[in-house]
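Below you'll find the structure, written out as structure tokens, and then a few comments.
Reminder, nothing fancy here: chain letters follow the sequence lines and each chain counts from 1.
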Protein chains: 2
Amino acid sequence: MQKQQHLSKNQKIVLDHVEKANQPLKAYSILYNVQKKGLKAPLQVYRALDKLVEIGKIHKIESRNAFVACKNSNCVVSNATAFSICEGCEKVTEINNSKLSKYLGNFEDSSGMKYSKYNLEFFGLCKKCKNK
Amino acid sequence: MQKQQHLSKNQKIVLDHVEKANQPLKAYSILYNVQKKGLKAPLQVYRALDKLVEIGKIHKIESRNAFVACKNSNCVVSNATAFSICEGCEKVTEINNSKLSKYLGNFEDSSGMKYSKYNLEFFGLCKKCKNK
DNA sequence: TACATAACGTTATATTATAACAATATACGA
DNA sequence: TCGTATATTGTTATAATATAACGTTATGTA
């Protein structure tokens with residue numbers, strides 16, 4: 001079976017909303033904002049998010065329990081993600097660095113285990129916050 | 001002021017319990033298990049965990065909302081963590097690889113932002129689970 | 001058309017985590 | 001050793017995040 005190409009109604013609504021934000025959104029904040037579009041229950045949002053994360057349109061920022069649209073157009077599956085997170089203003093940026101992704105994609109630990117997926121979150125202060 | 005050297009009663013109880021487990025534990029599972037030692041409320045566990053994470057004795061596995069004792073004896077602060085997570089049996093191993101930590105510790109993104117902290121989680125199947 | 005699969009809608013509930021307040025213990029300089 | 005700042009504790013209530021379980025409806029495709 002092939003990976004589905006188009007999104008369902010709820011998936012479109014959620015993705016649309018998350019893409020318009022320039023920052024990670026919490027699931028319940030998404031819920032409140034798409035209620036006018038007919039999504040009434042948390043599960044409707046979580047199910048859409050699950051699918052969107054699965055196909056790589058959305059990434060979850062694990063340390064923040066928040067969801068952000070993928071900025072990496074060729075990201076078909078969320079198997080290699082890296083983010084920069086400012087601990088001052090909470091701005092999150094997806095890192096798109098081919099050296100980094102090559103390095104981590106090929107990483108093997110001492111046990112010889114090879115990984116199919118990784119998520120990396122960097123923390124620090126962005127320029128603005130550093131100069132405060 | 002100097003970083004405190006010894007742990008409080010609750011902190012010791014929680015750390016002790018987490019160290020004895022060879023796997024990440026959930027906060028409420030810790031709670032149930034330390035109730036005989038007098039910790040009755042979630043906050044008592046979360047506060048101890050917060051402190052222990054802060055001083056590097058315990059790490060949080062963000063993708064699992066679980067807590068594991070640090071295996072890296074020289075880890076004074078949790079500013080550079082990497083884990084291997086088996087998606088089959090959920091076994092989690094802390095990765096202690098100096099090349100990796102050097103690479104990530106020196107990583108700078110295109111904006112020139114430098115990071116004070118990172119957390120990396122690798123996912124895959126361990127040998128046992130791969131051979132099933 | 002028929003069938004499998006994905007998506008939907010709904011209610012209830014589980015799980016994870018923090019707010020707010022008052023009390024007690026501890027470290028440490030004057 | 002007194003005073004005081006800070007850390008820790010205890011407690012109740014509640015917020016925030018996420019899933020179970022059920023039945024129904026839509027969609028893709030042989």
Side-chain angles (χ1 to χ4, degrees), chain A residues 1-18 21 23-68 77 90 92 119 121, chain B residues 1-18 21 23-68 77 90 92 119 121:
Chain A
M1 198 199 68
Q2 202 177 341
K3 200 120 242 167
Q4 84 170 36
Q5 298 305 317
H6 55 270
L7 302 174
S8 74
K9 191 192 80 188
N10 289 1
Q11 287 159 15
K12 271 182 212 144
I13 292 171
V14 169
L15 178 57
D16 195 53
H17 182 67
V18 175
Q23 58 192 305
L25 299 179
K26 303 288 206 134
Y28 275 72
S29 136
I30 296 171
L31 175 59
Y32 299 140
N33 281 286
V34 296
Q35 279 181 333
K36 52 181 99 64
K37 302 249 170 108
L39 281 82
K40 291 173 197 157
L43 247 195
Q44 296 178 291
V45 169
Y46 278 106
R47 285 200 280 225
L49 285 172
D50 281 352
K51 190 68 183 184
L52 291 163
V53 166
E54 188 192 322
I55 65 177
K57 293 289 189 186
I58 281 184
H59 303 307
K60 182 172 186 182
I61 310 300
E62 294 287 357
S63 67
R64 298 299 186 259
N65 296 320
F67 300 86
V68 70
V77 275
E90 290 294 322
V92 171
N119 179 55
E121 298 180 5
Chain B
M1 199 199 66
Q2 201 178 344
K3 198 119 245 168
Q4 84 169 37
Q5 298 304 316
H6 55 271
L7 301 174
S8 73
K9 191 193 78 187
N10 290 1
Q11 289 158 15
K12 271 181 213 142
I13 292 172
V14 169
L15 178 58
D16 195 52
H17 183 68
V18 175
Q23 58 192 308
L25 300 178
K26 304 287 208 136
Y28 276 72
S29 137
I30 296 171
L31 175 59
Y32 299 140
N33 282 285
V34 297
Q35 279 181 332
K36 53 181 98 65
K37 303 248 170 107
L39 281 82
K40 291 172 195 157
L43 248 195
Q44 294 177 291
V45 170
Y46 278 106
R47 286 200 280 224
L49 286 172
D50 282 352
K51 189 69 183 183
L52 292 163
V53 166
E54 188 192 321
I55 65 177
K57 292 290 188 186
I58 281 185
H59 303 306
K60 181 171 187 184
I61 310 299
E62 293 286 358
S63 66
R64 299 298 186 261
N65 295 321
F67 300 86
V68 70
V77 275
E90 290 295 320
V92 170
N119 179 55
E121 298 181 5

Give the rounded distance in Å between these two atoms: [atom1] of [X] and [atom2] of [N].
{"X": "A/Gln44", "N": "D/dA21", "atom1": "CD", "atom2": "C1'", "answer": "15 Å"}
{"X": "B/Arg64", "N": "D/dT19", "atom1": "CZ", "atom2": "P", "answer": "11 Å"}
{"X": "A/Leu7", "N": "C/dA6", "atom1": "CG", "atom2": "P", "answer": "15 Å"}
{"X": "A/Glu54", "N": "C/dA7", "atom1": "CD", "atom2": "P", "answer": "8 Å"}
{"X": "A/Leu31", "N": "C/dG9", "atom1": "CG", "atom2": "C1'", "answer": "13 Å"}
{"X": "A/Ile30", "N": "D/dA16", "atom1": "CD1", "atom2": "P", "answer": "16 Å"}
{"X": "B/Lys51", "N": "C/dT26", "atom1": "NZ", "atom2": "P", "answer": "15 Å"}
{"X": "B/Leu39", "N": "D/dT12", "atom1": "CG", "atom2": "P", "answer": "14 Å"}

Is the shortest side-chain N/O distance from [X] to OP1 or OP2 of [N] below 4.0 Å?
{"X": "A/His6", "N": "D/dG28", "result": "yes"}
{"X": "B/Lys9", "N": "D/dG10", "result": "yes"}
{"X": "A/Lys12", "N": "C/dC8", "result": "no"}
{"X": "B/Asn10", "N": "D/dA7", "result": "no"}
{"X": "A/Lys26", "N": "D/dT17", "result": "yes"}

A/Ser8 side chain: which of D/dT17, D/dT8, C/dC8 is closest?
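When the side chain of A/Ser8 is considered, C/dC8 is the closest of D/dT17, D/dT8, C/dC8.
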What is the per-nucleotide protein-contact pattern of nucleotides 18-23 of chain C, from the 5' end, where B denotes a base atom under 4.0 Å from a protein heavy atom, S denotes such proximity for sugar-phosphate atoms only, and - denotes neither?
BBB---
Can you list the steps and then say if B/Glu121 with B/Val92 is a side chain to side chain contact (heavy atoms under 4.5 Å, CB included)?
CA-CA 10 Å; B/Glu121 298 181 5; B/Val92 170; over 6 Å; no
Closest nucleotide of DNA chain D for A/Ala27 versus for B/Gly38: which of these residues is on the 5' side?
B/Gly38
Residue closer to the 5' end of DNA chain D, B/Lys40 versus B/Asn65 (nearest nucleotide):
B/Lys40
I want to check something: taking the side chain as every heavy atom from C-beta on, are A/Phe67 and A/Ile61 in contact at a cut-off of under 4.5 Å?
no
Quick one, B/Asn10 and B/Val45 - any side-chain contact, counting heavy atoms below 4.5 Å?
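In short, these two side chains do not touch, never coming nearer than 4.5 Å.
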Overall bend - the helix from C/dT1-D/dA30 to C/dA30-D/dT1, comparing terminal axes fitted on five pairs, nearest 10 degrees
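One end's axis against the other's: 50°.
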Please test A/Gln44 against A/Val14 for side chain to side chain contact (heavy atoms under 4.5 Å, CB included), starting from the C-alpha separation and ending with a verdict.
CA-CA 9 Å; A/Gln44 296 178 291; A/Val14 169; over 6 Å; no
